[in-house]
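Residue numbers begin at 1 in each chain, while the letters A, B, ... track the order of the sequences. All values below were derived from every heavy atom in this structure, side-chain atoms included, with hydrogens, water molecules and symmetry-related copies excluded. Because the structure is a prediction, the values reported are computed rather than measured.
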There are 2 protein chains.
Amino acid sequence: MNTFTEENYLKAIYHLSLQSESVSTNQIAASLNTKAASVTDMLKKLADKELINYAKYQGVTLTAEGEKIALSIVRKHRLWEYFLVEKLNFKWDEVHDVAEELEHISSKELIDRLDDFMGNPKYDPHGDPIPDCNGLFKVHELKPISSLILNDSGIISGVRDHSSSFLQYLEKMQLTIGRKVKVAEINDYDHSVILNLEDKKIHISRDVANNLLISL
Amino acid sequence: MNTFTEENYLKAIYHLSLQSESVSTNQIAASLNTKAASVTDMLKKLADKELINYAKYQGVTLTAEGEKIALSIVRKHRLWEYFLVEKLNFKWDEVHDVAEELEHISSKELIDRLDDFMGNPKYDPHGDPIPDCNGLFKVHELKPISSLILNDSGIISGVRDHSSSFLQYLEKMQLTIGRKVKVAEINDYDHSVILNLEDKKIHISRDVANNLLISL
DNA sequence: GAATAATTTTAGACTAATCTAAAAATTTAA
DNA sequence: TTAAATTTTTAGATTAGTCTAAAATTATTC
Ligand SMILES: [Mn+2]
Ligand SMILES: [Mn+2]
Ligand SMILES: [Mn+2]
Ligand SMILES: [Mn+2]
């Protein structure tokens, strides 16, 4: 088995890989709140275990085995978040830190039974897809509201910013996963957007429009 | 907060304290599968943190603070075991190792909500009492079957041996928590016992009779 | 009440993960 | 296409937890 720390590195590399093909030492250091020197040490270890492809100064990618482990951590993280929200009545902005601990519980039996207990959910409370017990999940096409044009409409299906403050703001505005919105107005000057939500009009800033994801 | 390892030491000391007033270095080493030298190092650290009372060569006891932490770990362990059996359909002999990991999840909010979600159970799947959110629990008087005399009867309420093999044996013999039994016969030669369970007669060895606990 | 046995502690070493500071390699820009 | 800036790696320490072997203390036994 891998240590807690190795798992966190693999998960970080996985998430960063979704943005850029190859992942740099500094990117990893930033995302794990650690120093580049520490990252280099760990990269050597993960490369020895053949969980990453690593050539000095060239950045890293996950091997098939490394990705498999990363996906199992992501699966656990998202299933636990779902459990916390759906069964224990946590708010969607309260679950991340607890899930950061729970994702390292090693029992596969546990997580597969938890998955069944909850009815095999496909998305976590933030709209992120939950890999199944084989690591597979659908990637559905999401667009930030900022990329829509007038009169486009769609379903709120995800967020780009997972911070509590953003999630709390969305909750307050009733801009939660599953709600249908339509672009009623776009302000050319500051790129703020006015949405139709049911029969209410909601004014959101450019930042919010950038971080709120829609499926069409 | 305390490390994973410190928590395991406190819990071990707590459990050993139930048997003998003061706990020795070797007892702790045996219960944690480690060496006496390692235990001495950790005892110094725990004493510095004022979680144990420790004088060289004299054995240790928990301080009030140390006991509070130990009880919170025990609470988490037993609540998770209950969850695994009652919600996820694990068998009572399969839950211990998973609970050993889950007991270190730090969120108090999580465990208190889990407790409520399950209806605040008072006993874990093995009959052990679950401390409430203030660390309080009832100590009910349990006796091993080996201490009973002919025609005594009572309810199976706990086990002294938590090994999978013992639990599996009990399950197979239908000697599970909550069942009523009566002593039908005691064999003077080998101290084996014949029990009445409903209308069946069950023959158990001295060892089993020693490790199966009854409330009258 | 010594001598012996058992227990416990100390000394010194090792591994995993981290850090700072300095060196090496790569990238960018003049 | 060399110089400067940035990124990455190495060198050397540190901390937590563990170990073996040896020394110190306590308990047992003759
Ligand atoms: Mn999360
Ligand atoms: Mn999430
Ligand atoms: Mn247990
Ligand atoms: Mn138990």
Taking the inter-plane angle between the rings of Y169(B) and F166(B) on a 0 to 90° scale, is it parallel (under 30°), tilted (30 to 60°) or perpendicular (over 60°)? parallel
Exercise. Look at the rings of H140(B) and Y123(B) and say which category their plane angle falls in: under 30° parallel, 30 to 60° tilted, over 60° perpendicular.
Key: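 Aromatic pair H140(B)/Y123(B) classed parallel.
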Atom-pair distance ([atom1] on [X]; [atom2] on [N]), nearest Å:
X      : N       : atom1 : atom2 : result
K44(A) : dT18(C) : NZ    : P     : 15 Å
N2(B)  : dT15(D) : CG    : P     : 19 Å
D41(A) : dC19(C) : CG    : P     : 10 Å
M42(A) : dC19(C) : CE    : P     : 11 Å

- Query: Salt bridge between D48(B) and K44(B), side-chain N to carboxylate O under 4.0 Å?
  - Reply: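 Salt bridge flag = no for K44(B) with D48(B).
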query: With the threshold set at 4.0 Å, does a side-chain nitrogen-carboxylate oxygen contact exist between K49(A) and E6(A)?
result: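 Salt bridge flag = yes for E6(A) with K49(A).
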[N] OP1/OP2 closer than 4.0 Å to side-chain N/O of [X]:
X      : N       : result
K35(B) : dT20(D) : yes
T3(A)  : dA16(C) : no
T40(A) : dT9(D)  : yes

Going 5' to 3' through nucleotides 21-26 of chain D and flagging B where a protein heavy-atom sits under 4.0 Å of the base, S where only the sugar-phosphate is that close, and - otherwise, we get B--BSS
Which atom names give the shortest non-hydrogen contact between [X] and [Y], and what distance separates them?
X       : Y       : result
I130(A) : F137(A) : O-CB, 3.9 Å
N2(B)   : E7(B)   : O-OE2, 4.1 Å
T176(A) : E171(A) : CG2-CA, 4.1 Å
H126(B) : V95(B)  : CE1-CG2, 3.8 Å

| task | For T5(A), answer base if it contacts any base atom (sugar-phosphate contacts may also be present), sugar-phosphate if it contacts only those atoms, and nothing otherwise; contact means non-hydrogen atoms under 4.0 Å. | result |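 Sugar-phosphate: the residue T5(A), judged by heavy atoms under 4.0 Å, touches backbone atoms but no base.
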What does Y54(B) touch in the nucleic acid at a heavy-atom separation under 4.0 angstrom: a base, only the sugar-phosphate, or nothing?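 Counting heavy atoms under 4.0 Å across all strands, the contact made by Y54(B) is with sugar-phosphate only.
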Under a 4.0 Å heavy-atom cutoff, the residues of residues 6-34 of chain B touching DNA chain C are S24(B), T25(B), N26(B)
Do we get K122(A) above Y82(A)'s six-membered ring, with its NZ or CZ under 6.0 Å from the centre and within 45° of the axis?
->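 Negative - K122(A) is either too far from the ring of Y82(A) or too far off its axis.
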